[in-house]
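A short write-up of the structure that comes next.
If you read the sequence from its start, that first residue is 1, and numbering goes on from there.
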Amino acid sequence: MLNHPSQGSDDAQDEKQGDFPVIEEEKTQAVMLKDSYVSDDVANSTERYNLSPSPEDEDFEAPTEEEMQTLRHVGGKIPMRCWLIAIVELSERFSYYGLSAPFQNYMEYGPNDSPKGVLSLNSQGATGLSYFFQFWCYVTPVFGGYVADTFWGKYNTICCGTAIYIAGIFILFITSIPSVGNRDSAIGGFIAAIILIGIATGMIKANLSVLIADQLPKRKPSIKVLKSGERVIVDSNITLQNVFMFFYFMINVGSLSLMATTELEYHKGFWAAYLLPFCFFWIAVVTLIFGKKQYIQRPIGDKVIAKSFKVCWILTKNKFDFNAAKPSVHPEKNYPWNDKFVDEIKRALAACKVFIFYPIYWTQYGTMISSFITQASMMELHGIPNDFLQAFDSIALIIFIPIFEKFVYPFIRRYTPLKPITKIFVGFMFGSFAMTWAAVLQSFVYKAGPWYNEPLGHNTPNHVHVCWQIPAYVLISFSEIFASITGLEYAYSKAPASMKSFIMSIFLLTNAFGSAIGCALSPVTVDPKFTWLFTGLAVACFISGCLFWLCFRKYNDTEEEMNAMDYEEENEFDLNPISAPKANDIEILEPMESLRSTAKY
């Protein structure tokens with residue numbers, strides 16, 4: 001139920017001000033921020049929505065340092081508005097994977113080949129264009145993140161990307177109809193479509209994962225007594241981890257669309273495979289429109305990205321001495337930011353350094369939608385489309401994400417904290433194992449008859465069952481749980497509040513660099529070089545993971561210190577979600593009584 005302030009709240013506020021002086025300027029700023037944070041129906045009300053620190057909640061009990069080390073950490077409740085955003089992500093990923101799964105066949109083969117295709121670009125051309133599409137989809141988030149954090153906000157940027165997305169899929173669908181045009185028109189339509197879809201993906205991808213995490217106010221750890229009598233610590237970092245696990249789970253539910261579109265491609269044609277994502281994407285449109293009033297929308301930063309680049313320029317000129325950019329150290333400079341902003345930039349730069357090795361990881365990951373499909377075409381399919389087995393990656397993630405969230409991670413946390421750097425390292429190792437499996441399998445394919453080292457030159461495969469690919473997909477799914485999900489979480493949690501979309505786009509940009517490496521490797525995607533391709537990626541991923549651990553393991557020791565900056569921020573401007581009327585069971589923001597200054601007197 002909604003908590004409405006009583007008529008005597010002003011008197012109560014005056015009494016509280018005697019003990020906790022209120023800085024009028026901060027109070028005014030907090031009320032101005034209100035409209036950016038709350039939903040439209042709450043923002044338009046006449047109630048006063050002030051912000052206060054969570055430790056003032058009646059049931060709040062702060063844990064001691066000993067309890068922080070000994071008690072079990074658990075996550076909090078995930079609000080309903082996160083589910084609405086997750087439905088948008090599910091719909092977008094359904095469309096993305098559904099239309100991209102047939103791309104390799106669509107590009108590589110011709111109408112008279114087996115399997116059938118359209119553009120006849122051969123293996124090298126199709127693999128290169130596939131990696132370009134991946135590259136483009138992960139470069140554009142930089143634009144999407146910048147626009148969202150500087151001008152439009154996350155919600156408006158997502159809506160604009162949605163409209164562009166629909167146009168791109170429609171062009172792809174129309175130009176894939178055989179009666180509409182010829183090969184040249186199909187190539188032109190395909191290129192136009194992937195450019196539009198790439199732009200739209202960037203505008204959505206940089207902001208949707210940030211928007212769902214924004215629905216969780218950052219809280220200091222607190223004690224909770226379970227029904228069993230066990231005392232546990234409710235940790236907002238665990239809640240955030242669970243949200244990104246859940247978010248990734250919905251991504252992979254959506255990605256199961258490739259099972260339908262590859263079957264439609266195989267039995268009906270590419271036009272049918274592209275029509276399904278076009279129709280399904282409208283679910284995202286409807287959810288965005290009808291869920292608008294429920295989302296917490298963070299305020300747009302005051303040219304915060306431009307300020308961050310100015311800070312970085314000052315750091316560059318002063319040998320990365322962060323004190324050189326702090327107003328408290330150089331008040332004569334009149335910097336338009338405070339010391340805390342500089343500290344946040346320091347933390348964000350540390351996060352960006354962690355992303356340096358990710359391009360190698362994404363290169364091996366990209367083989368799943370390119371070289372793995374070509375490898376499958378060399379093997380006995382037994383009526384299965386060669387691009388169908390991608391679904392086993394999604395199926396494995398759907399099965400194992402809940403298992404990791406409910407059993408594996410809690411079990412490990414009983415004995416030792418599992419910090420982000422450790423999880424990412426483990427993800428690299430699983431990626432290396434996946435490529436090792438693919439390399440060994442490829443060597444067996446080349447040793448099998450009837451075509452041995454040249455199976456791509458014929459319309460019949462070598463005698464190796466395609467299901468031997470499944471373990472490679474499962475190993476990649478394990479690597480995603482540790483490396484990809486944790487990367488999303490790390491990018492969000494280490495970014496300043498007003499730059500989260502932009503920092504998230506920097507993380508996504510590493511995928512683009514991985515795709516660029518994949519493009520450079522496309523000349524070796526020919527017989528009999530696939531074994532060396534997979535072997536090289538296995539070695540590169542293993543070495544990168546080891547170097548990653550050696551370079552960044554020290555960040556595990558400072559994890560809590562870096563996260564503490566968020567607690568300070570939420571103390572200044574806090575949002576308390578509560579349950580709305582049961583009629584719609586949506587959580588909205590609670591009106592608070594007062595804003596207490598954090599200034600010391």
Side-chain angles (χ1 to χ4, degrees), residues 97-98 100-106 108-109 113-117 123 126-127 130 252-253 255-267 273 364-401 403 430-481 525 527-535 537-538 541:
Y97 286 105
S100 61
F103 273 3
Q104 188 75 10
N105 287 343
Y106 188 81
E108 182 171 347
Y109 303 107
D113 294 331
S114 179
K116 292 184 181 297
S123 175
T127 300
S130 176
N252 286 279
V253 171
S255 69
L256 290 178
S257 61
L258 63 87
M259 299 174 68
T261 55
T262 53
E263 286 292 328
L264 286 170
E265 165 208 339
Y266 188 75
H267 295 289
Q364 65 83 27
Y365 174 83
T367 61
M368 186 176 63
I369 60 173
S370 56
S371 298
F372 273 23
I373 296 174
T374 303
Q375 184 187 57
S377 68
M378 308 175 189
M379 305 165 71
E380 293 178 333
L381 298 174
H382 298 279
I384 303 173
N386 68 313
D387 48 8
F388 179 85
L389 268 69
Q390 299 172 71
F392 282 97
D393 171 72
S394 300
I395 292 170
L397 284 164
I398 291 170
I399 293 172
F400 287 108
I401 282 177
I403 292 174
F430 273 112
S432 177
F433 298 156
M435 292 300 101
T436 301
W437 182 278
V440 172
L441 177 59
Q442 188 65 53
S443 68
F444 278 102
V445 171
Y446 283 149
K447 291 177 182 178
W451 309 115
Y452 300 99
N453 286 342
E454 297 182 349
L456 289 179
H458 308 276
N459 286 331
T460 56
N462 284 350
H463 297 317
V464 179
H465 201 293
V466 72
C467 286
W468 284 107
Q469 270 197 329
I470 293 176
Y473 284 107
V474 174
L475 288 169
I476 287 180
S477 72
F478 285 168
S479 79
E480 291 179 72
I481 291 174
T525 56
D527 287 332
K529 298 179 181 179
F530 278 96
T531 302
W532 292 108
L533 170 67
F534 295 132
T535 301
L537 289 175
C541 199

Short side-chain donor-acceptor distance under 3.5 Å, E265 and N105: yes

Approximate separation, where rounding is to 0.5 Å, of S477 OG and E480 CD: 6.5 Å

Heavy-atom side-chain contact between T436 and L475 under 4.5 Å: no

CH2 on W437 to CD1 on I470, rounded to 0.5 Å: 10.5 Å

Heavy-atom side-chain proximity of Y109 to S377 below 4.5 angstrom: yes

Parallel, tilted or perpendicular, as decided by the 30° and 60° cut-offs, for the rings of F534 and F372: perpendicular

Distance-minimising heavy-atom pair for A472 and A434: O-CB, 3.7 Å

Separation between CD1 of I369 and CD of Q390, rounded to the nearest 0.5 Å: 7.0 Å

S394 OG to M259 CE distance, which is reported to the nearest 0.5 Å: 9.0 Å

Any donor-acceptor N or O pair under 3.5 Å, side chains Y97, N252: no

Heavy-atom side-chain proximity of N386 to V466 below 4.5 angstrom: no

Ring geometry between H458 and W451 (parallel below 30°, tilted from 30 to 60°, perpendicular above 60°): parallel

Side-chain donor or acceptor of S130 paired with backbone N/O of A126 under 3.5 Å: no

Interatomic distance, I476 atom CD1 to Y365 atom OH [nearest 0.5 angstrom]: 8.0 Å

Within-4.5 Å side-chain heavy-atom neighbours: L441 and V464: yes

Nearest-0.5 Å distance that lies between atom CD1 in I403 and atom CD1 in I398: 12.0 Å

Heavy-atom check, side chain of S371 versus side chain of F530, under 4.5 Å: yes

Heavy-atom side-chain proximity of Q364 to S479 below 4.5 angstrom: yes

Check against side-chain hydrogen bond (donor to acceptor under 3.5 Å, both in side chains), D527 and Y446: CA-CA 9 Å; D527 287 332; Y446 283 149; 2.8 Å; yes

Donor on one side chain, acceptor on other, H267 and E263, under 3.5 Å: yes

Closest non-hydrogen atom pair between L258 and A101, with its separation: CB-CB, 3.5 Å

Contact summary for T261 and G98, nearest pair of heavy atoms: OG1-O, 2.9 Å

Within the 6.0 Å centroid threshold, strictly below: Y473 and F392: no

pair N462-M379: side-chain heavy atoms closer than 4.5 Å: no

Least distance between heavy atoms, S370 atom then T127 atom: CB-CG2, 4.3 Å

Side chain proximity check, T374 to Q104, heavy atoms < 4.5 angstrom: yes

